[in-house]
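Read through the structure below, which is laid out as structure tokens, and then see the notes.
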Amino acid sequence: MSASDGGSRAAGRWHRPGHAGSSAAELVAEPGGHVVVRDDRAAEVASVPFSALMISDRVGSIPRRVEFPDGSVFETRDNDAVDAICHAQGRTGTSFVYGLERFRPRLIVFALLAVALCAGLYRYAVPALVEVAVWATPPAVSRAISVGAMTTLDQVAFSPSELPQDRQNGLRTDFDRLAALAPRAGQAGDGPRYNLNFRKGGAIGPNAFALPDGTIVVTDELVTLAPDDDMIMGVLAHEMGHVDHDHSLRQLYRVAGITALVMLIGGDIGAATEDILMQGSALLVLSHSRDAEREADRFSVELMHRAGRDPAAIARFFDLLRDRFGLDSELNFLSTHPATSQRIEDARRLARELAGQPDSSP
Ligand SMILES: [Zn+2]
């Protein structure tokens, strides 16, 4: 060692693993990055690369511990010498702290990535899973979900319709005519795609909703509220639109949770369906998204136009609800099919556009 790096040696005590007590020793930083420990007879007892050492922080005058890979410890009160050795080796801190400092930016990046991943999962992966699940859902599962939901709703909310039978029959005939004109009517060959059910809504009041298999329910209260049958058909066509676009299934899957979705996509249909069935009655409280409402409105306007009925009937129905209850009312139909003046206006504009041109559909 030259005089210029006379700070590169420190006197202290040498502790060997498994040996009680300690002996006087000297720690020397050799040129080339090696650190050597010599005992009081100048015999070399350890020689390792500096990078292999763990050196404790400088805290007041507490002795520094320099740990060797084999568990030996060199202990010294010569803090300045240890710092000088570290400095000469290009470390600003000690080994342990040095490692942490090197790790911390990576830790922060990792944590940020984890947060971004979770956010991304909810933003993108769940909607993607929902789409896959909707696509992968066999008709039998849609049917089971719908039957389950209907059973629950009949137990907790509805009672049998009190509409006269010939009134029901008349509406059902009109409904079936509409359904026959719907875009996907007659596809897949698994029976009628839409079927109409009448129920007394009771506390639920004027309402209509659609289940994933095409079951559509209208309450006596809604039938009684509507001043003309076009309005009732406009609402029912809107519900057909929700079926056609699989909105109810999407709604259910969105609340079913990732586990049920993964089970469903993975083919564990029994357990997944059970999970989703539990949520079936949630269809009466979950609101459709604004986009879903717009799609269902468009479906209603186009279908009504095709059937030669008033295409603006759905807009007139929402006008009626607005005038009678206010769009912000607690009315169940309005909370599950959120309406805005903009939406009503959009439906009316589309109806006007269609009325102004000849029907181009087959
Ligand atoms: Zn709707």
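The figures that follow rest on heavy atoms only: side chains count, while hydrogens, waters and symmetry mates do not. First listed ligand is number 1; within each ligand, the first listed atom is number 1.
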Within the 3.5 Å criterion, strictly below it, is a donor on [X] or [Y] matched to an acceptor on the partner's side chain?
X    : Y    : result
D220 : S161 : yes
H15  : H19  : no
R65  : S56  : no

Once the angle between the rings of H245 and H247 is folded into 0 to 90°, is it parallel (under 30°), tilted (30 to 60°) or perpendicular (over 60°)?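 Answer is parallel, since the angle falls under 30°.
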side-chain hydrogen bond (donor to acceptor under 3.5 Å, both in side chains) partners for R343, two or more places apart: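 Result, side-chain hydrogen bond (donor to acceptor under 3.5 Å, both in side chains) vs R343: E293, D297.
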Leaving out waters, which are not shown anyway, how many protein N, O or S atoms lie closer than 2.8 Å to the Zn ion (ligand 1)? 5
Let me know which of T76, D57, N79 forms a side-chain hydrogen bond (donor to acceptor under 3.5 Å, both in side chains) with R64.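 Single pass found, and it is N79.
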